[in-house]
Protein chains: 2
Amino acid sequence: MTKPDRTTALIDPLAGQLGYELRRAAAAMMTAFGGELEPLGLRPSEASMLVLIGSNPGRTQSDLGRALRIKPANMVPIINRLVMSGAVRREPGEGRSLAIFLTDDGKAIYRQVRKKLLRHERRFSRRLSRDARRRLIDALRSICSEACRGLDF
Amino acid sequence: MTKPDRTTALIDPLAGQLGYELRRAAAAMMTAFGGELEPLGLRPSEASMLVLIGSNPGRTQSDLGRALRIKPANMVPIINRLVMSGAVRREPGEGRSLAIFLTDDGKAIYRQVRKKLLRHERRFSRRLSRDARRRLIDALRSICSEACRGLDF
DNA sequence: TATTGTTATACTCTATAACTATA
DNA sequence: TATAGTTATAGAGTATAACAATA
């Protein structure tokens with residue numbers, strides 16, 4: 001039996017690592033966003049989709065899914081829940097495709113979500129200068145496109 | 001029946017949003033990291049824990065969990081799997097606590113994971129200048145600490 | 001009693017495979 | 001046959017509640 005050290009601070013070899021810090025920051029923002037959405041009864045994925053639909057009424061489910069990199073199989077429950085909540089309606093389109101629209105209720109929720117999103121973004125951008133924010137977004141995009149090199153998306 | 005528009009590019013109202021771009025970049029890096037770990041039979045959470053243990057041998061399970069913000073209930077299966085794979089062993093410590101160590105096999109895997117982590121970080125930092133990387137990490141930390149304001153961690 | 005660990009369970013997002021329906 | 005949508009299912013991370021064991 002060895003006595004475990006419980007006084008010395010732990011060494012965190014992950015601190016300062018890009019992937020690690022990125023993951024933690026993203027998780028933190030996501031958790032906060034989820035909390036803000038709770039009163040609306042929406043999950044982050046549903047709220048994102050609602051906003052996308054509001055900006056692109058009448059587009060097909062598969063187009064919407066592609067835009068947010070959500071697989072068709074995972075689009076189904078997202079749209080289903082939005083339909084069941086009365087925010088969205090499906091209309092038959094060409095072929096098997098379904099055109100997605102916001103209902104009047106959905107438009108009201110859409111405006112609420114946009115407002116929450118704005119506040120959320122502002123809260124987390126507050127400490128960043130305009131320039132710093134710009135650079136941060138650029139860096140994030142470059143990371144994203146690096147990951148996508150050689151992949152299908 | 002309304003004909004869905006399938007020619008015009010979609011408007012992405014989430015593009016340029018901090019939370020959205022952050023989430024995508026983090027998911028991209030995480031997916032890439034998961035792929036690199038596959039040959040080792042480790043999940044990202046297990047690999048992270050292995051690296052933490054290697055840098056802090058003999059610390060308790062709860063200390064390790066706190067360091068990576070992993071809840072005690074979620075630590076159990078992570079350590080279990082590392083033990084079952086032969087990389088880690090538990091030793092009884094003070095009270096109910098368990099001191100965690102790498103086995104000799106675990107030390108070999110640890111070195112492999114560190115190497116993979118280094119390559120991974122380098123790959124995604126390549127396009128960033130030393131300064132840009134520093135600023136990025138700082139921004140990520142400021143986002144993290146903003147989220148943690150008013151919370152327990 | 002306070003801390004540590006464990007079990008069970010549920011939620012959210014993601015992924016694949018196999019299927020149906022339509023042009 | 002190619003595209004769109006659906007179903008079922010599994011994996012990964014995270015969360016809570018309830019419980020056991022130890023000092």
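Order of the sequence lines fixes the chain letters, A, B, ..., with proteins taken first and strands second; residue numbering starts at 1 for each chain. From a predicted model like this one, the values you see are computed outputs, not experimental measurements.
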Undergrad: Taking the side chain as every heavy atom from C-beta outward, state whether A:L37 and A:R43 have any pair of such atoms under 4.5 Å apart.
TA: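 With C-beta onward as the side chain, the pair stays apart.
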Undergrad: What is the distance from CG of B:L64 to P of C:dT3, rounded to the nearest Å?
TA: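 The answer, rounded to whole Å, is 19 Å.
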Undergrad: Can you tabulate the close N/O pairs, meaning under 3.5 Å, that link protein atoms to atoms of nucleotides 8-14 of chain C?
TA:
unit_1, atom_1, unit_2, atom_2, d
C:dT12, OP2, A:R43, NH1, 2.2
C:dC13, OP1, A:P44, N, 3.4
C:dC13, OP1, A:S45, N, 2.9
C:dC13, OP1, A:S45, OG, 3.4
C:dC13, OP2, A:S45, OG, 2.9
C:dC13, O3', B:R23, NH2, 2.8
C:dT14, OP1, B:R23, NH1, 3.1
C:dT14, OP1, B:R23, NH2, 3.3

Undergrad: So does A:I70 get a backbone contact from the side chain of A:N74, meaning a donor-acceptor N/O pair under 3.5 Å?
TA: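 Not confirmed, A:N74 side chain does not pair with A:I70 backbone.
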Undergrad: Could you pull out the closest heavy-atom pair between A:T103 and A:G86, with the gap in Å?
TA: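 The pair with the smallest heavy-atom distance is OG1-O, 2.6 Å.
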Undergrad: To the nearest 0.5 angstrom, please state how far the CD atom of B:E121 sits from the CD atom of A:Q17.
TA: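 CD of A:Q17 is found 4.0 Å from CD of B:E121.
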Undergrad: Which whole-number value in Å describes the distance from B:F33 CZ to D:dA12 P?
TA: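 These atoms are roughly 14 Å apart.
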Undergrad: Hey, quick one: are A:I78 and A:L40 part of the same hydrophobic cluster, counting side-chain heavy atoms closer than 4.5 Å, chains of contacts allowed?
TA: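 Yes; A:L40 is reachable from A:I78 via cluster members.
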Undergrad: Can you give me the N/O atom pairs linking the protein to nucleotides 20-23 of chain D at distances under 3.5 Å, or say none if there are none?
TA:
unit_1, atom_1, unit_2, atom_2, d
D:dA20, N3, B:R96, NH1, 2.6

Undergrad: For B:E91 and C:dT4, give me the distance from atom CD to atom P, rounded to whole Å.
TA: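 Roughly 18 Å, once rounded to whole Å.
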Undergrad: With a 4.0 Å limit, can you tell me whether B:R90 has a side-chain N or O closer than that to the phosphate oxygens OP1/OP2 of C:dT6?
TA: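 For C:dT6, OP1 or OP2 has a side-chain N or O of B:R90 closer than 4.0 Å.
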Undergrad: Over how many whole Å does the gap from A:R24 atom CZ to D:dG13 atom C1' extend?
TA: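 So the two atoms are 15 Å apart, to the nearest Å.
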Undergrad: Below 4.0 angstrom, N of the basic side chain to O of the carboxylate: do A:E46 and A:R81 qualify?
TA: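 The answer is yes: the pair qualifies as a salt bridge.
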Undergrad: Does B:R90 have any side chain to side chain contact (heavy atoms under 4.5 Å, CB included) partners at least two apart in sequence or in another chain, and if so, which?
TA: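 Here the qualifying residues are B:Q61, B:I79, B:N80, B:V83, B:L98, B:I100.
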Undergrad: Got a salt bridge between B:E91 and B:R89, using NZ or NE/NH1/NH2 to carboxylate O under 4.0 Å?
TA: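 Salt bridge: yes.
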Undergrad: How long is the line joining CG of B:L42 and P of D:dG13, in whole Å?
TA: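 Result: 11 Å.
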Undergrad: Rounding to an integer number of Å, can you tell me how far B:M75 CE sits from D:dA15 C1'?
TA: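 Atom CE in B:M75 sits about 16 Å away from atom C1' in D:dA15.
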Undergrad: Do A:D63 and A:R66 meet the salt-bridge criterion of a basic N to acidic O distance under 4.0 Å?
TA: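 Answer for the salt bridge query: yes.
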Undergrad: What's the CG-P distance between A:D63 and D:dT3, to the nearest Å?
TA: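 Taking CG of A:D63 and P of D:dT3, I get 13 Å after rounding.
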Undergrad: In whole Å, what is the span from the CD atom of A:Q61 to the P atom of C:dT20?
TA: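 A:Q61 atom CD is separated from C:dT20 atom P by 19 Å.
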